[in-house]
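Each remark here refers to the structure printed beneath this line.
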Amino acid sequence: MRLIAANWKMNKTVSETEEYLRRFLEILKPYEDREVLICPPFTSLYVASRVLSGTGVRLGAQNCHYERKGAFTGEVSLPMLKEIGCSYVIVGHSERRHIFGETDELVNRKIIACLEEGVRPILCVGEKIEDREAGMTFKVVETQIRIAFSGVEGMTDRVDIAYEPVWAIGTGVPASPEDAVEVHRFIREVLREINPRAEGKTRILYGGSVNPENAPEFMKHGEIEGLLVGTASLDPESFAKIVDSF
Ligand code: 13P
C-alpha cells in the first residue's frame, strides 16, 4: 500500500493544527488502497491524535531520541510518542542532518530504537547538490542506508525509506521523476543486498518540492511507493489533492 506523508516541519500551533485537520478530514476521500500520514510538530501531536482518532489517518513524529527516558534535555522518547498514538517517526531528515549535525551513526541508533519500540521509521536519505555534480549520488545514498541498518540488517522490512535529494527540498525544483526512479531502483538493489529475504517490503518514497501539479507524474511510476511532502502539505486542500493524485 502506498504511503502519502505530510512533514509539517516547524509549522502550526495547536489551534492551527486542529483547524487544519478538521478541514482535511472534511475533504479527504475514503481510501482503502493508500495510507495517509501526518507528522506535525511535537506540541501538536496530542491534539492531532485526538482529532485523527478513528479516522484511519496515521500520526507520526518528525524526530525521536534513542533512549527510552533520562537526562536528555529537550528530547522526546519513543515511549512518549507511542502513548500519544504515533505509529511512525521520521528519522534522519536532511534538516536534522545538515542543520543539527545528525550523523549516520546517530541515525542508526534511532533506527534501532524505533525497531525495538515497534514504531515504524521513515529513514530519510539523499545527496547534496555537490554530491550529485560529483557523480556521488549512489555512493552517498548507499552509505547512509548501510550505516542506518548496521546491526539490524534483518529488519529492513520494518522501515520505509524516503529519498529526498537535499537540493530539491524547499527549493521548488523537484528531481525529475526519471531521476527519482533511477535512485529508487538503486535503493531497492542496496536493500536486496542487505536483506535478500525482505525483498519489496520496504516502501521507497520520494520527497522534495512535491506539489499537487507534479505529484501525479511521480505516482505514475511503480517504483515510487509514496511521497513525503513538506511545504505543499501545509494547506489541507493542497495535501488532499496530493493524496488523491493517483
Ligand atoms: P518540501 O516539500 O517543502 O520540498 O520539503 C520536502 C521535505 O523535506 C519533506 O520531508
Side-chain angles (χ1 to χ4, degrees), residues 2-12 16-17 20 24 35-42 44-45 48 57-64 81 86-102 107 110-111 114 119-129 131-132 137 140-141 144-145 148 159-177 179-180 183-184 187 202-219 224-246:
R2 287 157 127 190
L3 169 65
I4 308 295
N7 174 10
W8 287 359
K9 309 190 179 184
M10 196 175 71
N11 291 287
K12 299 196 188 295
E16 288 165 348
T17 299
Y20 174 112
F24 182 64
E35 232 179 320
V36 180
L37 168 67
I38 307 269
C39 302
F42 288 132
S44 287
L45 285 173
V57 175
R58 305 295 199 106
L59 183 65
Q62 299 172 16
N63 186 24
C64 65
L81 296 174
C86 290
S87 42
Y88 286 87
V89 61
I90 297 172
V91 173
H93 188 275
S94 93
E95 286 142 21
R96 302 272 352 139
R97 292 176 188 264
H98 302 303
I99 304 174
F100 301 104
E102 285 196 12
V107 169
K110 293 184 179 192
I111 294 286
C114 288
V119 177
R120 192 170 179 97
I122 299 176
L123 166 67
C124 299
V125 298
E127 81 287 3
K128 294 196 244 177
I129 189 66
D131 302 323
R132 177 157 280 263
T137 299
V140 167
V141 167
Q144 289 172 335
I145 293 174
V159 178
D160 295 314
I161 293 184
Y163 169 56
E164 299 206 301
V166 179
W167 47 272
I169 296 178
T171 58
V173 184
S176 69
D179 282 348
V183 180
H184 282 222
I187 292 173
T202 303
R203 283 174 295 193
I204 307 175
L205 323 182
Y206 169 76
S209 296
V210 171
N211 60 37
E213 288 69 48
N214 62 32
E217 297 304 311
F218 287 105
M219 298 313 288
I224 300 182
E225 297 162 302
L227 300 167
L228 182 55
V229 188
T231 314
S233 76
L234 295 174
D235 172 72
E237 266 78 14
S238 154
F239 187 55
K241 252 190 221 156
I242 293 173
V243 172
D244 200 42
S245 66
F246 62 99

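Along the sequence shown, the residues carry numbers beginning at 1. Keep in mind the model is a prediction, meaning the values are calculated, not measured. Just so you know, ligand 1 is whichever comes first in the structure, and atom 1 is the first atom listed for that ligand.
The residue from Ile122, Val91, Leu123 that alone fulfils the side-chain contact (heavy atoms from CB on, under 4.5 Å) condition with Val159 is Leu123.
Heavy-atom contacts of Glu164 reach the following atoms of ligand 1: 6 (C), 7 (C), 8 (O), 9 (C), 10 (O) (cutoff under 4.0 Å). Short contacts between ligand 1 and Gly170, defined as distances under 4.0 Å to a heavy atom of the residue, involve ligand atoms 1 (P), 3 (O), 4 (O). Interface of Leu228 with ligand 1, defined as ligand atoms under 4.0 Å from a residue heavy atom, comprises 9 (C), 10 (O).
Looking only at heavy atoms of the protein, atom 2 (O) of ligand 1 is closest to Gly230 N, 2.9 Å. If you check which protein heavy atom lies closest to atom 3 (O) of ligand 1, you get Thr231 OG1, 2.5 Å.
The part of Ala168 lying near ligand 1 is the backbone, judged by heavy-atom distances below 4.0 Å. Contacts of Ile169 with ligand 1, taken as heavy-atom pairs under 4.0 Å, involve both backbone and side chain.
Contact annotation: Gly207 has no heavy atom less than 4.0 Å from any atom of ligand 1. No heavy atom of Ala232 sits closer than 4.0 Å to any atom of ligand 1.
Using cut-offs of 30° and 60° for the angle between ring planes, the Phe218 and Tyr206 rings count as parallel.
For the residue pair Glu164/His93, the side-chain donor-acceptor check at 3.5 Å is satisfied.
Considering backbone and side-chain atoms together, His93 places an N or O closer than 3.5 Å to an N or O of ligand 1.
Atom CD of Glu95 and atom CD1 of Ile169 lie 6.0 Å apart (nearest 0.5 Å).
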